[in-house]
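Below, read A as the first sequence line, B as the second, and so on, with proteins coming before strands; counting in each chain starts at 1. Quantities reported herein were computed from a predicted structural model and do not represent experimental measurements.
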Protein chains: 4
Amino acid sequence: MRHETIDLIFDAAVEVFAEYGFERAKVDDIAMKAGIAKGTIYYHFKSKEELFVALMNEGLEKMLDHIHVEMDRTESPREQLRRILAAQVRFLIGHGTFTKLLLTEVWGSKERQQAFRSRIRQYIDMIEQVLRRGTEQGIFHLAHANETAASIFGAVSVAVLHTIYRCQDQSEQMEAEIPKIIDTLEHLLFNGINA
Amino acid sequence: MRHETIDLIFDAAVEVFAEYGFERAKVDDIAMKAGIAKGTIYYHFKSKEELFVALMNEGLEKMLDHIHVEMDRTESPREQLRRILAAQVRFLIGHGTFTKLLLTEVWGSKERQQAFRSRIRQYIDMIEQVLRRGTEQGIFHLAHANETAASIFGAVSVAVLHTIYRCQDQSEQMEAEIPKIIDTLEHLLFNGINA
Amino acid sequence: MRHETIDLIFDAAVEVFAEYGFERAKVDDIAMKAGIAKGTIYYHFKSKEELFVALMNEGLEKMLDHIHVEMDRTESPREQLRRILAAQVRFLIGHGTFTKLLLTEVWGSKERQQAFRSRIRQYIDMIEQVLRRGTEQGIFHLAHANETAASIFGAVSVAVLHTIYRCQDQSEQMEAEIPKIIDTLEHLLFNGINA
Amino acid sequence: MRHETIDLIFDAAVEVFAEYGFERAKVDDIAMKAGIAKGTIYYHFKSKEELFVALMNEGLEKMLDHIHVEMDRTESPREQLRRILAAQVRFLIGHGTFTKLLLTEVWGSKERQQAFRSRIRQYIDMIEQVLRRGTEQGIFHLAHANETAASIFGAVSVAVLHTIYRCQDQSEQMEAEIPKIIDTLEHLLFNGINA
DNA sequence: TATGAATGAGTATTCATTCAT
DNA sequence: TATGAATGAATACTCATTCAT
């Protein structure tokens with residue numbers, strides 16, 4: 001069990017970072033929201049940046065794990081991709097604040113942003129592998145595996161983000177949208193829109 | 001003819017904003033890069049925010065115009081969507097710095113970010129209309145028009161951004177990638193990956 | 001003529017640094033004492049440290065110049081040393097705040113402190129040269145030139161500092177002590193205490 | 001027998017204080033270097049300041065004792081002064097870290113600094129007494145006893161400090177310099193530099 | 001005695017903005 | 001129009017000190 005205080009900090013931090021973005025987020029606000037003193041944050045993390053990186057890495061870790069688990073349940077590329085889509089949508093909707101951070105704070109030239117991107121690239125590479133195996137087995141038919149994988153990641157992420165902003169963080173409504181989004185994405189990505 | 005100074009400012013501003021993001025971008029840096037005094041920026045723009053909004057709006061305007069023009073060249077929904085995809089990819093690759101800003105600075109809770117999002121929503125709505133007309137004409141076949149439109153926007157944007165970061169701003173290389181990206185997207189979105 | 005604002009800053013800074021020492025001195029206090037805004041200090045100096053270094057270097061420069069001028073007025077080593085002593089005492093008494101800083105802030109392991117020490121070493125080396133020439137000419141008689149020079153520097157500085165603290169910064173009283181200090185030092189260093 | 005922990009703290013504290021000076025020295029660092037928990041320091045000392053004062057007083061005590069012992073071995077003022085010089089040099093070289101602190105932390109306006117100065121003044125007064133007795137006995141010949149005493153203290157301290165910094169804490173080298181320094185000082189202070 | 005997690009007052013530094021020239 | 005010196009509110013971060021265990 002990780003230290004309780006750190007969990008308090010993490011919980012407060014995701015919210016504050018998600019609402020204001022990294023730069024505008026105030027360490028004071030995180031401390032206040034966590035109900036602890038500002039110094040306590042600095043006792044556990046060397047800097048605002050380190051806290052943020054720890055937070056994001058934990059989120060990315062969880063996301064990747066979550067998807068790996070789902071993927072390993074089957075061998076069939078088609079089924080794997082289906083599960084990836086569903087798992088990804090559920091995870092992102094379920095972690096709306098993290099999702100906002102993910103798409104907001106991974107672009108840019110700072111070192112940490114490059115580090116985040118390389119993890120997302122890992123994720124995209126994973127999809128790429130599934131696509132390649134499917135193509136080899138004659139199940140999938142596609143032009144360029146890596147670019148397609150990136151596009152799929154974009155379609156999923158933005159579809160979810162679009163929903164999150166539309167529902168304005170009402171988590172119940174968002175939950176209700178999950179099947180619709182999964183349905184949309186499966187249809188679009190597997191069959192395309194051609195009749 | 002717009003004032004020359006303003007162009008100097010705009011050119012410097014896109015670069016600085018794209019490299020550092022809105023918050024970390026310094027007005028000093030913009031002034032220095034533009035080769036003018038800091039005060040001059042404030043002579044032309046009320047604030048850093050106003051400059052940024054003007055910049056983004058000009059970009060969004062151009063982007064939407066560009067796509068409208070392409071779209072109006074044909075009546076067929078399929079051809080329209082094809083043109084939208086191509087135009088969008090070409091525009092984003094051709095305006096890499098703007099593209100980075102687009103996906104970085106539209107999320108968040110600040111007013112200007114909501115304003116940007118509503119313009120992007122306009123763009124998504126436009127795609128939605130095309131999809132709907134295509135569906136009515138029996139040309140397209142899809143689950144949920146709005147969600148599909150958002151997904152398409154995400155696929156296109158992230159595919160381009162992925163390429164931009166992979167080519168590390170080498171504009172020639174990026175240009176060379178354009179057909180590949182368009183090809184990938186057309187295939188994926190029209191036909192899906194099912195064999 | 002150097003910028004007037006910088007003079008205001010310098011004047012305030014010596015006092016504050018001398019009273020509190022580098023670490024305890026507050027930039028706020030310097031600004032307040034100078035009658036300017038805190039930001040103005042940072043407009044002219046990159047940091048508290050840079051301001052301090054600029055200050056000390058100016059002081060050291062002045063001190064060394066002052067003494068060089070006095071020294072160049074004669075060829076005789078004995079007369080040169082006599083002038084150095086007198087000039088040094090007058091300068092240090094006349095710049096009491098600087099003197100405190102000199103002996104307080106040159107020791108330590110920080111880079112700037114090493115830089116200051118190397119300038120003081122220059123000063124000691126200068127005395128050493130005079131001693132050597134005097135020895136060669138059979139005028140002086142001493143054991144080890146460099147160590148003797150360092151001792152002379154120590155005798156002068158501490159004698160002055162001792163007086164400064166005894167008179168508690170009453171500048172008139174301090175002025176009155178000048179001849180006594182010079183007399184003491186000349187007697188001690190030229191003739192020793194042996195009867 | 002003093003508590004072992006306190007010795008650990010003292011040993012660590014001199015080093016840290018000598019390297020960084022009072023203000024920049026961190027209680028954390030002292031605790032780490034002593035291999036104990038930070039709280040333990042506060043169990044034994046009320047504050048960082050109290051620890052520092054205890055440290056300095058112990059050093060000053062030792063120094064004064066050391067010199068008193070040497071002085072009491074003879075009645076002759078000349079021999080007394082000779083012994084004072086030698087004892088002082090040996091002590092300071094042998095306690096290099098303390099010496100740095102001595103000349104760094106005794107100046108300034110804080111209460112503890114004034115307290116330190118008054119002890120140093122005691123030391124100077126002691127020298128003064130020797131000088132006066134020597135003068136009365138016709139052995140010494142000097143201008144102003146108190147100022148001369150201060151100058152002697154300065155000559156000795158700075159000569160030693162100069163050597164410490166030149167040898168960069170290589171204790172063997174420093175030991176080797178002791179006779180040279182004593183020789184230099186005796187010659188300078190007893191006979192002066194006049195041939 | 002000893003610990004180390006938690007505290008919060010204290011401060012250097014940044015940077016958008018203003019305004020006299 | 002253009003300038004750049006001056007401003008001061010805003011904030012990340014430090015570190016001596018406390019206290020429950």
Should we say atom OH of C:Tyr20 is surrounded by more than 12 heavy atoms from elsewhere, each under 6.0 Å from it?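 No, not enclosed.
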Measure from [atom1] on [X] to [atom2] on [N] and round the result to the nearest Å.
X	N	atom1	atom2	answer
B:Phe45	E:dA16	CZ	P	15 Å
A:Ile41	F:dT14	CD1	P	13 Å
C:Tyr20	E:dG10	OH	P	14 Å
A:Phe52	F:dA12	CZ	P	14 Å
A:His44	F:dT14	NE2	C1'	16 Å
C:Glu50	E:dA12	CD	P	16 Å

Fill in the dot-bracket string of DNA chain F, one character per base: . for unpaired, | for a pair to another strand, ( ) or [ ] for pairs within the strand, taking Watson-Crick or G-U pairs under 3.5 Å. .||||||||||||||||||||
Go through C:Lys26 and C:Met32 one step at a time and tell me if the side chain to side chain contact (heavy atoms under 4.5 Å, CB included) criterion holds. CA-CA 10 Å; C:Lys26 288 182 245 173; C:Met32 193 172 309; over 6 Å; no
Rounded distance [0.5 Å steps], NE2 in C:His95 versus CG in C:Leu101: 12.5 Å
Rounded to the nearest 0.5 Å, what separates atom CG in B:Leu60 from atom CG in B:Leu55?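 Reported value, rounded in 0.5 Å steps: 10.0 Å.
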Which parts of nucleotides 15-21 of chain F does protein reach within less than 4.0 Å, heavy atoms only, written one letter per nucleotide 5' to 3' as B for base, S for sugar-phosphate only and - for none? SSBB---
Suppose you measure atom P in E:dT1 against the same atom in F:dT21; what distance do you get, rounded to whole Å? 22 Å
Please identify which of these residues, C:Phe10, C:Phe98, C:Phe22, meets the ring pair (Phe, Tyr, Trp, His ring centres under 6.0 Å) condition with C:Phe17.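 For C:Phe17, the ring pair (Phe, Tyr, Trp, His ring centres under 6.0 Å) check succeeds only for C:Phe22.
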State whether A:Tyr165 and B:Arg121 meet the cation-pi test: NZ (Lys) or CZ (Arg) under 6.0 Å from the six-membered ring centroid, and within 45° of the perpendicular axis. no
Can you confirm whether A:Glu61 sits close enough to A:Arg119 that some side-chain heavy atom of one is under 4.5 Å from a side-chain heavy atom of the other? yes
So do the side chains of D:Trp107 and C:Lys100 get within less than 4.5 Å of each other, counting heavy atoms only?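 No - every pair of side-chain heavy atoms lies 4.5 Å or more apart.
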Would a distance-only check, ignoring hydrogens and angles, find a side-chain to backbone donor-acceptor pair under 3.5 Å from C:Thr99 to C:Leu92? yes
Quick check on F:dA6: is either OP1 or OP2 less than 4.0 Å from any side-chain nitrogen or oxygen of C:Thr5? yes
